[in-house]
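Quick notes on the structure that follows.
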Amino acid sequence: MQRLCRNAWSPFQRTRCGTQRILKMMEKIPIQKARMCCRSRSCAFVGHPDVWVPTGYRSESSFEDDFHFPSYEFLGSVRFRKGYSIPSLNYSRMIALSFNLPQVVGHSLVGEEIFTLFLDQPCTSISTDTLISAISAVLGADPLSLTLLSEGVPLEPDQMLGDALNAIAVRQRLDTGPPVLVCERRSHNSPETLLGRPCHVDVNLNYFPGPGIATIQAIPETREFVTRDRFDSWMIYTKLEVLQYQRPSEKRCRRDLLKPRGFFPRAPAWSLPDGCQRWGHGADVWSATFALPNIKRLMDAHAECTADRPIPRYQMIIDPNQFVRHTEEGPVWVPCEFDVDSCGRAQLVGGTRSHQHPDLARQVALPILEASLPLLAKLRRPQLLLDRRRLQAVFKAQRIILPPKVGEDHESEYIGMWHVDGHREDVVAVALYYYHVDSALEGGDMEFCGREPLDVLAIADAGHNASSFDKASLKKALVDNKIRCRVPICEGTLLVFSNHQLVHRVLRMINKSGSEASRDFVALFILNPASTPLVPSRCALAKQQMLTRTLRPSGLPPENIQAILALAGILPTEEYAKELRNVLLSEQLKPTGEFVGRQQNVHATGNGCVTMVGWLHHMLQESQPPSWDYPRDFSPGWKHFRALNRAPGKLGRGISEVFSKGSSDLSSSEAPSLAHT
C-alpha cells in the first residue's frame, strides 16, 4: 500500500504514512461518483475501489519522451503518438417487465414506469427477438443494446418466452458517447503543452478556473490531422475556441496541465422521439420531427401585430435584441428560466415575469424545450447537467422572407454565412424548431463544420508536413471522414446542436414561385450552466411590474403607464429599443470567424515555423506578422482550405463544392462575406 501510494497521483504522491491514515484521507476527498475501472498494466487500485491512479512513475522525464517509442508509434503510414491511459466507463440499466396481456409495462428498479407496449399475440408464441424489437421501438434504442433476462440468465435470441413470465427483465446498455472527464488545472505546470510534432501550444489559462477547482470538462480522444498524424489528445470545448493539445506519455503523466478527478455525471436516459437521427461522425447534431400546430397559429398572430421587419429579408417575431440588459461589456440578452425534473419535464419560472411575452414563452418556448431535452441530453461536446437543474435559455422567433421570382434568369435567394450564436452570451447549445416552411422554397439545408483544429503545418526543422496538406487529404478529412455534416430542413424539423463544437450556416435557398415565401422558426439559445448566469427576466422585469401594479389602481391607461416608466428610465422607449436592436443586428450579420491559419498560440520547439489551421473566432484574432499566410507557398491545398469561407454558388452544394474546383479558380486569401440580405 505504501509503495503504491508513493507512485500515485496527488494528493497521495510523496506520502509516507500508514494504511489507516491513507484511508482516512480518502474519506475526506471528493472522488468520482462513477466507479473507475482499468485493467491495463499502467493502472492500479490503491486502497479504495473508486480511486484510479497510474502506477510506475518513479522519475520525471522530458518532452523527448513524447517523440519516442512507445509514445510515438508507426501504424502503417499514420504516425501515432500515444498518451497515458484513461479508464473506460460503461453504463447500463435494468428494466423489470410486468405482463398483463396484451399489455407489457416496463418499470425501473425504483418502480418508475418507463414504457408501455401492446402485444398482438400470446406470449407463448413470442420469441426473445420479437419482444426485444418491440421494446427497442418504444425506447428508441438499438436492439443490440438490449438483453432479455429470465431470473438473471440471458435468453437466447430465438428462445420462446412460453408461460414463464415471472422475473423477466431487460438490461439496456446505455450509449453515453465518448467519456467526459471532470478535471482541474494543476497549479505547478506550465500552460505550454505539446501538439503532435515538435510544436508547443500555449493554452490560455483564462478559460480555466483556478487550480484545485474541478469544473473543467475534457474529452480524451485519439484524433487524426489532415496530414495523417494521429495522437491521443485532450479536447476542451469553450465559447471562443476548441482547445486541443497532446495528452502526455505515461512517463510524463504528472506534467499534464490537467488533472483528471473523475467522470462527468451520466446524462439522463430519456426516450428519444420517433425518427430521431444523429448527423455526421462525432458531431453533436441531432434532429427529429414534431407536429406542434398551435405554435404556428400563435406566432403568426403575434407577427401580424408587431410587423417588425428591420431589413427586407428578416421579420423579427420575438426579438431578443429588444430585450437586453446593459452591462460593462455591453448589452446582453435577458434569458428565460426553466426548471427541469428527472423525468424530462420542464416548468417555466417566473409567471408573468418569465418573459416580455409570458404567454408565448409558456405556450411556445416551453413545449419546444421539453421536446428538445432528450436531444440535449445526447450532447457531449460539452455535456450538460439537465435533470433537476434550472436552465437559462434565450427565446427568439424569426421569419426569413424570400421575394417572388421575377424572371427565368433571376432567382430570389438566401445564403447564410458560417457563424456561432451568441456574442457576449455564452451559448452552449441551440434548439431550432421550424414551424413553417413554404413549399415554394428549395434548398436551405443547414451545414455544420467542427471548430477543432484541422492541423498544425510545419516547415524547416519543425517538420515537413506542410507539403502534405493538399486537396485530396483535406477532402478526405472534411467530406469522407464526415467532420462536417448537413441536415435537410422541412416543416416540423427540430434541430439541436452544440454551439461550442460547431459552426453552422444556411446553404443556398431559392424561391421558385411568383409570390413571397418564408421559412419561420423558433430558436432557444441554451446558456452554459458552467458560466456565470445572466440576470433572468423574472429579475429584470421585477421593478417594472411592481411599479405597473402600483400605478394601475389610479385608473391611468396602459399607454400612460408605459410613458411614465419610460420617463423614469425603467422601460426603454420603442424608438430606443429598435435603434439599439439595429446596432446589435448589424454586429450579428458580420462574420464571427473564418477558416484561417493562426500563429499566435503555437510555436516550434526548434528552428522552423508552425501554423495551426482551422476555425478562428474573430474575438481571438490578433495582428498577424506579414508571413502569417506562409502555408500558401508550401501547401498545395491552401487555396481550397481558405475557400471554405466562400458561400456555395450552386443549389444543393456546400463544402463539397470547394473540391470540385481547381486551384486556378480559387484565391489564397478567401475571407467570409456577409450573408445575403
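This structure is a prediction, so every number in the text was calculated from the model and none was measured.
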Aromatic ring pairing Tyr314/Tyr414, orientation class (parallel under 30°, perpendicular over 60°, tilted between): tilted

message: Are more than 12 heavy atoms, taken from residues, nucleotides or ligands other than Glu587, located less than 6.0 Å from that residue's CD atom?
response: yes

task: Could you grab the distance from atom CZ of Phe525 to atom CG of Asp421, nearest 0.5 Å is fine?
output: 4.5 Å

query: Between Glu447 and Arg484, is there a side-chain N and carboxylate O pair less than 4.0 Å apart?
result: yes

- prompt: With His436, which residues qualify under ring pair (Phe, Tyr, Trp, His ring centres under 6.0 Å), at least two apart?
  reply: none

- prompt: Looking only at heavy atoms, which two atoms of Leu366 and Ala346 are closest? And how far apart?
  reply: CD1-O, 3.5 Å

- prompt: So, does His640 use its side chain to make a donor-acceptor pair with the main chain of Lys661 at under 3.5 Å?
  reply: yes

task: Report yes if the side chains of Arg508 and Lys650 come closer than 4.5 Å at any heavy-atom pair, otherwise no.
output: no

task: Side-chain contact test, heavy atoms from C-beta onward, threshold under 4.5 Å: evaluate it for Thr548 versus Thr550 and give yes or no.
output: no

query: Do the side chain of Glu425 and the main chain of Trp333 share a donor and acceptor less than 3.5 angstrom apart?
result: yes

- line: Across all chains, not counting sequence neighbours, the side chain to side chain contact (heavy atoms under 4.5 Å, CB included) partners of Pro382 are Gln217, Tyr237, Val428, Ser498, His500

task: Output all residues satisfying salt bridge (charged side-chain N to carboxylate O under 4.0 Å, His left out) with Asp387, sequence neighbours left out; order by chain, then residue number.
output: none

Heavy-atom check, side chain of Tyr576 versus side chain of Lys578, under 4.5 Å: no

query: Nearest 0.5 Å, what's the OG1-CD1 distance between Thr306 and Ile318?
result: 7.5 Å

message: Using a 3.5 Å distance criterion without hydrogens, assess whether the side chain of Thr493 forms a donor-acceptor pair with backbone atoms of Ile489.
response: no

- prompt: Distance from Leu386 atom CG to Asp341 atom CG, nearest 0.5 Å?
  reply: 11.5 Å

- prompt: Is the number of heavy atoms from other residues, nucleotides or ligands within 6.0 Å of CG (Asp274) greater than 12?
  reply: no

- prompt: Taking C-beta and beyond as the side chain, do Trp286 and Leu379 meet within less than 4.5 Å on heavy atoms?
  reply: yes

task: State which residue, out of Lys396, Arg399, Arg297, fulfils the salt bridge (Lys or Arg N to Asp or Glu O under 4.0 Å) condition with Asp520.
output: Arg399

task: For Arg653, enumerate each residue passing the salt bridge (charged side-chain N to carboxylate O under 4.0 Å, His left out) test, keeping only those at least two apart in sequence or located in another chain.
output: none

- prompt: Can you check whether Arg581 reaches Asp308 side chain to side chain, under 4.5 Å on heavy atoms?
  reply: yes

message: Ignoring hydrogens, what is the shortest heavy-atom contact between Pro529 and Leu384? Give both atom names and the distance.
response: CD-CD2, 4.1 Å

Check: Gly652 main-chain N/O paired with Glu442 side-chain donor or acceptor under 3.5 Å: no

Ion pair check, Glu594 and Arg642, cut-off under 4.0 Å: yes

statement: Between Val613 and Gly597, the two heavy atoms sitting closest are CG1-CA, 4.1 Å

Least distance between heavy atoms, Gln398 atom then Ile317 atom: C-CD1, 4.2 Å

message: Measuring only between side-chain heavy atoms, which start at C-beta, is Leu478 closer than 4.5 Å to Leu644?
response: yes

- prompt: So, does Ser537 use its side chain to make a donor-acceptor pair with the main chain of Ser354 at under 3.5 Å?
  reply: yes

message: Ignoring hydrogens, what is the shortest heavy-atom contact between Trp270 and Ala377? Give both atom names and the distance.
response: CE3-CB, 4.1 Å

- prompt: Okay, side chain of Arg380, backbone of Gln383: is any donor-acceptor separation there less than 3.5 Å?
  reply: no

- prompt: Is a donor on one side and an acceptor on the other found under 3.5 Å between the side chain of Glu657 and the backbone of Gly649?
  reply: yes

- line: Contacts of Lys296 meeting salt bridge (charged side-chain N to carboxylate O under 4.0 Å, His left out) (sequence neighbours excluded), chain-then-number -> Asp300

field: Arg278 (side chain) donor-acceptor with Ala283 (main chain) under 3.5 angstrom
entry: yes

- prompt: Looking only at heavy atoms, what is the nearest atom pair of Pro358 and Thr352, with distance?
  reply: CG-O, 3.7 Å

- prompt: Is a salt bridge present between Asp445 and Arg486, judged by a nitrogen-to-oxygen distance below 4.0 Å?
  reply: yes

- request: For the pair Lys239 and Asp426, evaluate salt bridge (Lys or Arg N to Asp or Glu O under 4.0 Å) and give the outcome as yes or no after the intermediate values.
  value: CA-CA 6 Å; Lys239 171 188 174 182; Asp426 188 359; 6.0 Å; no

Check: Tyr433 ring centroid to Phe521 ring centroid under 6.0 Å: no

message: Quick check: do Lys512 and Asp438 have side-chain heavy atoms less than 4.5 Å from each other?
response: no

field: Arg313 (side chain) donor-acceptor with Glu413 (main chain) under 3.5 angstrom
entry: yes

- prompt: Could you state the interatomic distance from CD1 (Ile510) to CG (Leu402), rounded to the nearest 0.5 Å?
  reply: 9.0 Å

task: Report the C-alpha separation of Arg538 and Glu337 in whole Å, then their side-chain angles, then the decisive distance to 0.1 Å, and conclude whether the salt bridge (Lys or Arg N to Asp or Glu O under 4.0 Å) test is met.
output: CA-CA 8 Å; Arg538 61 183 174 86; Glu337 289 186 317; 2.4 Å; yes

Euclidean distance, Cys336 SG relative to Arg353 CZ, rounded to 0.5 Å: 13.0 Å

- request: Indicate yes or no: at least one non-hydrogen side-chain atom of Ser287 is less than 4.5 angstrom from one of Leu494.
  value: no

- line: Value for CG (Leu585) from CG (Asp319), rounded to nearest 0.5 Å, stands at 7.5 Å

message: Under the criterion side chain to side chain contact (heavy atoms under 4.5 Å, CB included), I'd like the reasoning laid out for Ile236 against Ile216: C-alpha separation, chi angles, the key distance, then a yes or no.
response: CA-CA 8 Å; Ile236 306 165; Ile216 303 171; 4.3 Å; yes

field: For Arg519, salt bridge (charged side-chain N to carboxylate O under 4.0 Å, His left out) partners two or more places apart
entry: none

